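Predicted, not measured: the structure shown is a model, and the values here were computed from it. Whatever order the structure lists them in is the order used to number ligands and atoms, beginning at 1.
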Amino acid sequence: MEKLYEGKAKIISPSDDPKILLSQFKDDATAYNAQKRGTIAQKGEMNCRISGALFQMLEKQGIATHYIDEPAPGQMRIKAVTILPLEVVVRNIAAGSLCRQTGLEQGTVLPFPLVEFYYKNDELGDPLLTRDRILILNLSSLNQLEQLQSKALAINTHLKTFFSRCGITLVDFKLEFGLDAEQNLLLADEISPDTCRLWDQSQTDPKARVMDKDRFRQDLGDVETAYQEVQARILSQLETTSS
Ligand code: UDP
């Protein structure tokens, strides 16, 4: 199949319709700016199904996404967008780089959701941005930045509630947004255990509770099982709410 773009976790191909692209989710896993590489069996199919289910849930809540449908396992039809060069991270609980950079203890519940913007730039190691750095680098207008902030917070509210019903704590996650031909701002990329920190509410042990890519990053084992469990809980929660 012809490729438009190949990233670390997905291959994007054209379709007959220039407004529609095909995203093929890969089993490849990378961490630490691709210094650690591996594969997670069935990850592509699981992340595609998980992302698809979450995009559908968010659409029902009025959040515009690039999601169209899933023609085959591991494949998602998406609306063509130009991806903004920003990663939008939302945090409810301190973990990862927030702890490394601020000294906050892992697991500290934040007094309000923290929205952060990172520069999508592998050569620079995806640095943390400030509002003024974004404006000076022309990565977004102030108006668009405010839209991104409020969309990210709304998405956090919906995802947090949904994951909580699955017995999962949403610690933090990364979003990407894009603009379609009409300049509509759409939620894009994926929402999966690759891009979220998810803690099992039935486990107290800090290692046992991890249901996301930290199992791969930190060599905790049982990565596939954790992803399978996230998928099973999400799909069964969706069945409960739709019936
Ligand atoms: N994240 C991501 N892609 C990235 C960087 C971060 O999906 O390139 C996600 C990560 O999985 C976590 C959240 O964003 O859910 C915050 O990541 P953090 O800044 O703590 O970075 P890390 O500890 O992974 O270096």
Side-chain angles (χ1 to χ4, degrees), residues 5-10 23 25-38 40 43-44 46-48 50-51 54-55 65-66 83-110 112-130 133 139 148-149 151-153 155-156 158-160 162-164 166 168-178 187-200 206-207 209-220 223 226-227 230 234:
Y5 168 81
E6 177 158 6
K8 292 169 198 142
K10 292 181 291 296
S23 178
F25 285 63
K26 303 198 290 186
D27 291 346
D28 299 349
T30 62
Y32 309 116
N33 202 8
Q35 287 172 51
K36 180 179 168 76
R37 290 173 184 273
I40 300 171
K43 176 171 84 75
M46 293 191 282
N47 278 1
C48 182
I50 291 168
S51 291
L54 294 174
F55 283 141
T65 79
H66 71 162
I83 295 283
L84 304 181
L86 296 172
E87 294 190 339
V88 185
V89 168
V90 184
R91 302 176 187 273
N92 298 303
I93 295 177
S97 70
L98 180 64
C99 297
R100 291 197 298 276
Q101 293 174 5
T102 64
L104 267 174
E105 195 181 331
Q106 150 135 322
T108 307
V109 177
L110 305 181
F112 55 88
L114 172 60
V115 181
E116 297 176 327
F117 296 92
Y118 291 83
Y119 191 7
K120 257 173 80 78
N121 186 318
D122 284 340
E123 267 172 43
L124 297 174
D126 295 348
L128 178 63
L129 293 166
T130 62
R133 284 187 184 189
L139 301 178
L148 289 171
Q149 171 101 15
K151 274 183 196 276
L153 286 171
I155 292 165
N156 182 47
H158 299 308
L159 286 179
K160 225 167 65 167
F162 181 79
F163 275 116
S164 180
C166 301
I168 294 172
T169 300
L170 178 61
V171 174
D172 59 28
F173 57 98
K174 185 263 301 181
L175 300 173
E176 294 189 26
F177 291 85
L187 176 63
D189 194 50
E190 66 177 283
I191 309 175
S192 72
D194 270 12
T195 62
C196 301
R197 284 199 170 89
L198 304 168
W199 290 352
D200 187 347
K207 287 184 178 164
R209 70 188 172 189
V210 174
M211 304 179 85
D212 56 66
K213 202 164 90 173
D214 274 350
R215 298 208 75 83
F216 168 78
R217 289 189 187 98
Q218 299 168 20
D219 293 317
L220 299 178
V223 189
Y227 279 53
V230 171
I234 289 176

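Inspection of the N156 and N92 side chains reveals an N or O donor paired with an N or O acceptor under 3.5 Å.
You'll find the side chain of W199 stays beyond 4.5 Å of the side chain of I168, heavy atoms only.
Every atom of ligand 1 with a heavy atom of G96 under 4.0 Å away is listed here by number and element: 20 (O), 23 (O). Interface of D194 with ligand 1, defined as ligand atoms under 4.0 Å from a residue heavy atom, comprises 7 (O), 11 (O). Annotation for ligand 1: atoms under 4.0 Å from non-hydrogen atoms of C196 are 15 (O). The contact set between ligand 1 and E87, taken as ligand atoms under 4.0 Å from a residue heavy atom, comprises 4 (C), 5 (C), 8 (O).
In terms of protein heavy-atom proximity, atom 14 (O) of ligand 1 is nearest to K174 CB, 3.5 Å. Of the protein's heavy atoms, R100 NH2, 2.9 Å lies nearest to atom 25 (O) of ligand 1. Looking only at heavy atoms of the protein, atom 15 (O) of ligand 1 is closest to D172 OD1, 2.6 Å.
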Quiz item: After noting the C-alpha distance and the side-chain angles of V90 and F173, does the key distance pass the side chain to side chain contact (heavy atoms under 4.5 Å, CB included) rule?
Solution: CA-CA 6 Å; V90 184; F173 57 98; 3.6 Å; yes
Quiz item: Does the pair K8 and D122 meet the rule for a salt bridge (charged side-chain N to carboxylate O under 4.0 Å, His left out), with working shown?
Solution: CA-CA 11 Å; K8 292 169 198 142; D122 284 340; 3.2 Å; yes
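For OH of Y32, the number of neighbouring non-hydrogen atoms (other residues, nucleotides, ligands) closer than 6.0 Å is greater than 12. More than 12 heavy-atom neighbours from other residues, nucleotides or ligands sit within 6.0 angstrom of CD on Q101.
Salt bridge annotation for D212-R197: absent, with no cationic side-chain nitrogen under 4.0 angstrom from a carboxylate oxygen. Between D219 and K36, at least one side-chain nitrogen of the basic residue sits less than 4.0 Å from a carboxylate oxygen of the acidic one, meeting the salt-bridge criterion.
Contacts of E116 with ligand 1, taken as heavy-atom pairs under 4.0 Å, are absent altogether.
The nearest non-hydrogen atom to atom 11 (O) of ligand 1, considering only R217, K213, R197, comes from R217. Of the listed options C99, S97, A94, A31, S97 places a heavy atom closest to atom 20 (O) of ligand 1.
Of the protein's heavy atoms, at least one falls inside 4.0 Å of atom 2 (C) of ligand 1.
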